[in-house]
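All ligand and atom numbering here is 1-based and tracks the order in the structure.
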Amino acid sequence: MIKVEEALDIVLESVKSMDAEKAGIIDSFGRVLAEDIKSDYNIPAFDYSAMDGYAVRVADTKGASAGKGAKLKVAGELRAGGDTSARVEKGQAVKIMTGAPIPQGANAVVMVEDTKMEDGNVAVLEEAEKGENIRLAGEDIKKGDLVISKGTLLREGHIGILAALGIPEVNVTRRPKVAILATGDEVISIDEDIKPGKVRNSNAYSLHAQVLACGGIPINKGVARDDIEGLKAKLRSCLDCDIIITSGGVSMGEYDYVKDVMIDMGMKLKFWKVAMRPGKPNLFGIINSKPFFGLPGNPVSTMVGFEVFVKPAILKMLGRINDDRREVEAVLEEDIRKKKGLKFFIRAQTRWEDGCYITRTTGPQGSGILSSMVKADSFIILPEDEELVKQGEKVLVRLL
Ligand code: AMP
Ligand code: MG
């Protein structure tokens, strides 16, 4: 049996980055950037006013106070989008709006609130400081700056920056198509009436959502029955995708055919059985250079197997430079007994309280208890060699 870390290394070594495709700025939201974005411009492109007020020469406001304002002649008005060739001479001020270019000669903007009008002139009621309320050309982004790195997941702010840089289209990595095939004679579709002995195909749906959440394109390939020929046919129909995921049929049961059928179809088996709970029978192989994940069928095992192996693979294929996975130390609120030799992923609720994380399990941890996934906002991850972890001890928690 292989350890989780070794198994994950094998998965990551086996998958390659997807190629790039063009996406319009709006469609690039939520995608992974496949190029470095450098700026061809200074942003802002010119010095401008951050306030509505008066552009002045600092020297003209020396000694000004609320009691004794510095009187300046108003030489004109500048609005946003206005004249860039205006000038402020000694003893003058120019009325200026937010966003308007700073007139030549001025080296500060006094906000309206610090001025008052006196017989057609403006009285500045405070000494101005050099550079006050002026936004300088290039203070946000300088021409030539690397603004967004290849591998970044594009979020709201990135989309705004691309617009500011005048970039209507970018290269993003192609989203991998992920075939999802459920297996099992007992598995029925979600619109069928439940009968004794049957279970609705929840796995295909939780996997669908998990694939979407990490940037893949889920493709539901239905349910294969536990017979060799049927399974083969269904699996063959998955080979047009970039990744293949099955649920069920990888344990020790008499009708667990997935491994043998896949090997028969030409899959190179990389590992089967990982020292973990839930999800020991996890299987991974390569077929036609594509990763194949045979996840166990128990609903929690399926989801944990995805989180531990498939998600990192998809993020690598997307070329993501950070996977926003957050692991923290938390204080345990209850004793946990575990089987030695397996790494445990325990559904948990974790909160921040009095300067530290505190965590407790969601209750029963059976791999069929799907409601434990609903209650959980985190996994407590307990290492292989532990047998008993006591209340008050610190444990590793992965926040979901
Ligand atoms: P298996 O890994 O095939 O032995 O299945 C383990 C358990 O998971 C069994 O109780 C199955 O009924 C259940 N199961 C398998 N596939 C699904 C599925 N697609 N949706 C929900 N439960 C499933
Ligand atoms: Mg089965």
Heavy-atom nearest neighbour of [atom] within options [options]:
atom: atom 7 (C) of ligand 1; options: Val199, Val223, Asn298; result: Asn298
atom: atom 21 (C) of ligand 1; options: Gly249, Ser202, Ser301; result: Ser202
atom: atom 5 (O) of ligand 1; options: Gly368, Ser367, Gly297, Ser206; result: Gly297
atom: atom 12 (O) of ligand 1; options: Lys198, Glu186, Met252; result: Glu186

Checklist entry - At a non-hydrogen distance cut-off of under 4.0 Å, which region of Thr183 contacts ligand 1 (side chain, backbone, both, or neither)? => result backbone
Checklist outcome for this item: The answer for which part of Val187 has a heavy atom under 4.0 Å from ligand 1 is side chain
Item to check | Qualifying residue, where the test is side-chain contact (heavy atoms from CB on, under 4.5 Å) with Met265 and the options are Leu235, Asp260, Leu231 | outcome: Leu235
Item to check | Donor-acceptor pair between Lys22 and Asn171 side chains, under 3.5 angstrom | outcome: yes
Next on the checklist: Is it the case that the side chains of Asn201 and Ser189 hold a donor-acceptor pair, with the cut-off being a distance below 3.5 Å and no angle test?
Outcome noted: no
Checklist entry - Are the side chain of Glu334 and the backbone N or O of Gln391 linked by a donor-acceptor pair below 3.5 Å? => result no
Item to check | Donor-acceptor contact present, side-chain Arg325 to main-chain Arg398, <3.5 Å | outcome: no
Checklist entry - Is Asp256 close to ligand 1, meaning an N/O of one under 3.5 Å from an N/O of the other? => result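 In fact, backbone or side chain, Asp256 has no N or O that close.
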Checklist outcome for this item: Taking only non-hydrogen atoms of Arg200 and a 4.0 Å limit, the atoms of ligand 1 in range are 20 (N), 21 (C)
Next on the checklist: Show the atoms of ligand 1 that are less than 4.0 angstrom away from any heavy atom in Ala182.
Outcome noted: 19 (N)
Next on the checklist: Which residue in the set Glu384, Glu5, Glu386 passes side chain to side chain donor-acceptor pair (under 3.5 Å) when paired with Lys343?
Outcome noted: Glu5
Checklist entry - Quick one: do Phe309 and Ile243 end up in the same hydrophobic cluster if we chain Ile, Leu, Val, Met, Phe, Trp and Tyr together by side-chain heavy atoms under 4.5 Å apart? => result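 Cluster IDs for Phe309 and Ile243 match.
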Checklist entry - How close does the nearest protein non-hydrogen atom get to atom 18 (C) of ligand 1, and which residue and atom is it? => result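 Answer, as residue, atom name and distance: Asn203 ND2, 3.1 Å.
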Checklist entry - Which residue owns the protein heavy atom closest to atom 19 (N) of ligand 1, what's the atom, and how far is it? => result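 Here the nearest protein heavy atom works out to Asn201 OD1, 2.8 Å.
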Next on the checklist: Run the salt bridge (Lys or Arg N to Asp or Glu O under 4.0 Å) test against Lys316 and tell me which residues pass, sequence neighbours left out.
Outcome noted: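 Lys316 satisfies salt bridge (Lys or Arg N to Asp or Glu O under 4.0 Å) with no other residue.
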Checklist entry - Would Ser247 count as a contact of ligand 1 if the rule is a heavy atom under 4.0 Å away? => result yes
